[in-house]
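Below is one structure; the comments refer to it alone.
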Amino acid sequence: MSQTPTPPREEKAAKLNILSRREFMTLLIGGGASLVLAATLAEPLDTFARDILQNRATAPHGGDSNYHWGMVIDLSKCIGCDYCVWACQATNDTADDMRWNIHIVDQTPLGDTFHVTRPCLHCQHAPCVEVCPVGATYHRHDGLVAMDYAKCIGCRYCQTACPYGARQFNWFERTDVNTKTPEWGEPEVTRRPRGVVEKCTFCVHRIDAGLANGLMPGVDEAATPACVNICPVNARHFGNLNDPESAVSRIIASQPTLRLREDLGTDPSVYYIPPEGLV
């Protein structure tokens with residue numbers, strides 16, 4: 001009986017490489033326009049992503065258009081403790097090799113070490129949304145890129161189209177024990193089945209439940225992503241980008257920030273404050 005081949009985990013891991021220093025700095029847009037971290041890229045997909053973005057966008061549905069949820073990650077504060085990685089794993093029930101929030105260690109041109117974590121960037125012009133043939137990946141009115149796992153057929157087009165490597169494919173029916181519970185939290189969502197692509201949701205279940213109960217994401221912990229709540233040095237901020245008075249909007253207005261691969265026109269909803277000496 002033939003079996004569907006699965007890629008060796010070593011091969012999968014080998015595709016997540018950090019760019020050389022020259023490549024890293026070359027891809028930075030002058031004046032702090034875009035931060036490029038090679039560990040977010042499985043392979044260069046510039047041409048493919050650009051072609052996809054020319055296609056007709058899928059109409060948003062779900063969520064409230066009064067909000068545009070976004071995140072700011074302060075690389076000058078992040079200490080690389082992995083608390084946000086582990087809290088995400090516990091809360092969203094992900095395995096070590098299927099993390100939705102990844103941690104990368106790099107150095108500035110002056111040789112100073114800094115730490116970067118990368119969730120899904122919830123792009124406003126998301127290639128993953130454009131290529132999904134069944135509408136399993138879609139935009140919400142509140143800016144979130146959402147997944148309908150019941151519709152997903154496992155074609156992995158979205159995984160190929162994402163220029164940030166933010167999606168994971170479930171090759172196996174999971175029977176593992178989540179090693180990050182209960183120390184870092186308890187699963188709050190259903191474990192995904194074999195054969196679907198999954199990714200960070202900004203803890204959308206918390207956002208929706210919080211708003212329904214009069215709580216504000218980014219202000220009230222119960223309505224805020226787990227990775228933001230757990231950060232011991234306040235390096236992560238979350239909130240409504242449509243509100244100029246929100247914490248995230250005030251940070252972006254007052255400090256230099258970068259976004260990954262802005263040259264692709266994806267318009268990510270995650271902003272980074274660069275460490276000193278990076279740009």
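- Across A166 and C120, no two heavy atoms sit closer than the pair CB-CA, 4.1 Å.
- Aromatic ring pairs are classed by plane angle as parallel below 30°, tilted from 30° to 60° and perpendicular above 60°; the pair F238 and F202 is perpendicular.
- The two residues C123 and H139 have their closest heavy-atom pair at O-NE2, 2.9 Å.
- A side-chain donor-acceptor contact under 3.5 Å links T224 to the backbone of G218.
- A donor-acceptor pair under 3.5 Å is absent between the side-chain atoms of S246 and the main chain of N242, judged by distance alone.
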* What do the steps show when you test R192 against D93 for salt bridge (charged side-chain N to carboxylate O under 4.0 Å, His left out), and what is the final call? -> CA-CA 9 Å; R192 282 67 57 194; D93 199 7; 5.8 Å; no

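- Hydrophobic clustering (ILVMFWY, side-chain heavy atoms < 4.5 Å, transitive): I207 and L121 are in one cluster.
- No donor-acceptor contact under 3.5 angstrom links the side chains of Q168 and W100, judged on distance only.
- Under the 3.5 Å distance criterion, the side-chain polar atoms of Y272 are matched with a main-chain donor or acceptor of T117.
- Here SG of C231 is found 8.5 Å from NZ of K77. Values are rounded to the nearest 0.5 Å.
- In this structure, the side chain of D64 engages the main chain of N66 through a donor-acceptor pair within 3.5 Å.
- Looking only at side-chain heavy atoms (C-beta outward), N240 and P217 stay at 4.5 Å or farther from each other.
- Considering only heavy atoms from C-beta on, N229 comes within 4.5 Å of R206 through its side chain.
- In this structure, the side-chain contact (heavy atoms from CB on, under 4.5 Å) partners of D96, at least two apart in sequence or on a different chain, are Q89, R99, T179, K180.
- K199 NZ to M147 CE: the interatomic distance, rounded to the nearest 0.5 Å, is 8.0 Å.
- For the pair P275 and T108, the minimum side-chain heavy-atom distance is below 4.5 Å.
- Across every non-hydrogen atom of W69 and L211, the tightest pair is CZ2-CD1, 3.8 Å.
- Placement of V270 and V233 in two distinct hydrophobic clusters is found when ILVMFWY residues are connected by side-chain heavy-atom separations under 4.5 Å, directly or transitively.
- Of the N and O atoms on the side chains of T266 and Y164, at least one donor lies less than 3.5 Å from an acceptor on the other residue.
- Across all non-hydrogen atoms, the minimal contact from V85 to I102 is CG2-C, 4.5 Å.
- Ring geometry, F169 versus W171: the interplanar angle exceeds 60°, so the pair is classed perpendicular (tilted spans 30 to 60°).
- Residues V228 and L75 share a single hydrophobic cluster, defined by chaining ILVMFWY side chains whose heavy atoms lie under 4.5 Å apart.
- Within the 4.5 Å cutoff, side-chain heavy atoms of P119 are placed close to those of I73.
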* After noting the C-alpha distance and the side-chain angles of Y67 and M216, does the key distance pass the side-chain contact (heavy atoms from CB on, under 4.5 Å) rule? -> CA-CA 11 Å; Y67 306 105; M216 179 56 63; 4.0 Å; yes

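- The NE2 atom of H103 sits 5.0 Å away from atom NE2 of H115, with the distance rounded to the nearest 0.5 Å.
- A distance-only check finds no donor-acceptor pair linking the side chain of Q255 to the backbone of A253 [under 3.5 Å].
- In summary, the side chains of S76 and E276 do not present any donor paired with an acceptor at a separation below 3.5 Å, with no hydrogens or angles considered.
- Residues N101 and C84 share a closest heavy-atom pair of ND2-SG, 3.3 Å.
- Within the 4.5 Å cutoff, no side-chain heavy atoms of H68 are placed close to those of V248.
- Note that CG of N170 is 4.5 Å distant from CD of E198, once rounded to the nearest 0.5 Å.
- Hydrophobic clustering, with ILVMFWY side chains joined whenever heavy atoms are under 4.5 angstrom apart, keeps V189 apart from L144.
- Among residues two or more places apart in sequence or in another chain, the side-chain contact (heavy atoms from CB on, under 4.5 Å) test is passed with E245 by D243, R250.
- Of all heavy-atom pairs spanning T137 and C128, the tightest one is CG2-SG, 3.8 Å.
- Side-chain contact between C88 and C200: absent, with no pair of heavy atoms (C-beta onward) separated by less than 4.5 Å.
- Taken from OH in Y271 to OG in S249, the straight-line distance is 8.5 Å, to the nearest 0.5 Å.
- In this structure a side-chain-to-backbone donor-acceptor pair under 3.5 Å is missing from T257 to I252.
- A donor-acceptor pair under 3.5 Å links the side-chain atoms of Q159 to the main chain of R167, judged by distance alone.
- You'll find the side chain of N92 reaches within 4.5 Å of the side chain of H205, heavy atoms only.
- With D267 as the fixed residue, the side-chain hydrogen bond (donor to acceptor under 3.5 Å, both in side chains) test singles out one of Q124, H125, R259, H122: R259.
- The shortest side-chain heavy-atom distance between P133 and C155 falls under the 4.5 Å cut-off.
- Residues I273 and L241 share a hydrophobic cluster, clusters being chains of Ile/Leu/Val/Met/Phe/Trp/Tyr side chains in contact below 4.5 Å.
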